[in-house]
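Working notes, beginning with the structure itself.
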Amino acid sequence: MERVPVLSLGDALLVSIQVDLQDNTVLALQEDLAERIVSTGARGVLIDISAVDIVDSFIGRMFASIAALSRLLDAETVVVGMRPAVAITLVELGLSLDGVRTALDVERGMKILRALSDRRGLPVADELDDDLVPVAEGGGPAAGA
Amino acid sequence: MAQADGGRVQALLRSEDKVLRRWVEAAETPLRGRLTTGELERTCSDLLAVLGEAVAGGGLDVTSAAYAGARGFLAELSRDWARRGFSPSETASAVFALKDALFAAADEDGEGGESGGDLATVLESSRWVDALGLVTFESFARAREQVISEQAEQLLELTTPVVKLWEGVVAVPLIGTLDSARTQIVMEKLLQTLVDTGSEHAIIDITGVPAVDTEVAQHLLKTVVAARLMGAECTISGIRPQIAQTIVMLGIEFGDITTKSTLADALLHAMRGTGVEVVRRRTGSR
């Protein structure tokens with residue numbers, strides 16, 4: 001069975017699907033991704049499907065379930081490079097992939113992930129307002145404040 | 001019964017001038033001057049010559065090989081007339097007018113006592129002309145169908161242009177009624193353009209769509225969702241007041257899809273989305 005490689009890129013995982021998708025390939029990818037998100041602590045998953053020209057309802061649902069499981073593990077999923085024929089097929093199948101972010105190509109996808117992690121990133125100390133005090137362990141104000 | 005040899009019809013056709021004159025006279029009336037007498041005469045005499053040959057070679061069986069030339073001539077004639085906008089009955093009656101000419105010729109011959117204007121001759125020539133008429137009508141209908149399908153194809157190509165409005169903004173101005181086949185073409189063309197140009201914004205302008213029903217709305221929604229799946233934002237613009245009322249009355253939900261009343265608004269929205277702000281330059285010297 002072919003396995004789809006999962007590459008780690010910064011705090012994101014890059015999955016580029018270059019093979020014909022079989023049901024078991026997809027299931028294996030889902031397992032691999034879940035493990036890799038946990039082991040690398042990735043905050044984003046980018047799936048490039050620009051080489052995929054045939055999808056069925058199973059694979060369509062797979063994108064949705066990958067997105068759902070990565071959100072559970074606190075990572076955002078961006079599906080990039082979907083071909084028009086694939087998009088039309090998914091719409092006809094009634095799969096609108098709610099909750100999955102999409103982009104035209106990998107570059108734009110990375111931009112989305114970067115924007116997301118910037119928004120979520122912890123503020124640096126001098127960005128904090130003066131009257132805000134970092135919370136110390138135990139929930140009380142930090143000593144000396 | 002001498003059905004196949006066509007001896008009688010052949011005899012009638014031999015008096016070519018007489019038949020031709022009567023034929024042109026009879027055929028002219030239903031055409032109501034849409035064809036000049038000279039043109040009609042030329043057509044009829046050509047056809048008569050071809051038919052004369054055909055009858056000599058293949059009797060009265062219009063499906064025989066000897067009639068290939070005559071069938072071709074009739075097909076060409078009716079195709080030509082179909083394209084020039086003649087009605088089916090005009091075309092068919094031009095051919096059926098030959099019957100009158102033949103009957104009259106037979107009648108005259110009968111009076112002259114040469115071959116006899118008997119019932120058999122009339123029946124024979126009538127059957128023969130009917131068969132010719134059917135051939136004409138069939139090719140007329142075929143030619144019409146061809147014209148219609150060509151026009152439908154041209155219409156599809158004409159009415160689905162995808163235009164680039166701004167860097168990263170493409171639009172499809174839809175004109176005419178939307179059906180499944182057209183929507184399919186529009187959808188594919190739009191999505192392909194998004195890929196080819198790397199545009200992140202698409203505008204579907206429905207100013208030229210006369211009516212929006214649930215089916216059309218469904219098609220629009222599908223296109224928008226498909227564009228989203230590919231990572232592009234899609235705006236629907238050009239919703240006229242009556243159409244907005246219809247949409248509300250039909251209870252169609254556009255959900256979180258951006259809709260604008262004019263293409264200009266949609267373009268501004270899309271440009272803002274790409275980070276472009278339009279400002280007016282201050283005029284005057286102050």
What I want to find out is whether [X] reaches [Y] closely enough, with some N-O distance under 4.0 Å, to be called a salt bridge.
X: B/Asp80; Y: B/Arg84; result: yes
X: B/Lys222; Y: A/Glu92; result: yes
X: B/Glu145; Y: B/Arg142; result: no

Less than 4.5 Å apart, any side-chain heavy atom of [X] and any of [Y]?
X: B/Met230; Y: A/Pro84; result: yes
X: A/Thr77; Y: A/Ile47; result: yes
X: B/Leu74; Y: B/Val95; result: yes
X: A/Val26; Y: A/Phe63; result: no
X: A/Ser8; Y: A/Arg36; result: yes

Among side-chain atoms of B/Ser78 and B/Thr91, is any donor-acceptor pair under 3.5 angstrom?
-> no
When only heavy atoms count and the cut-off is under 4.5 Å, which of residues 191-221 of chain B reach chain A?
-> B/Leu191, B/Gln192, B/Leu194, B/Val195, B/Gly198, B/Ser199, B/Glu200
Can you pull out the residues in residues 244-280 of chain B with any heavy atom less than 4.5 Å from chain A?
-> none
Can you tell which part of A/Arg108 gets under 4.5 Å to a heavy atom of chain B, answering side chain, backbone, both or neither?
-> side chain
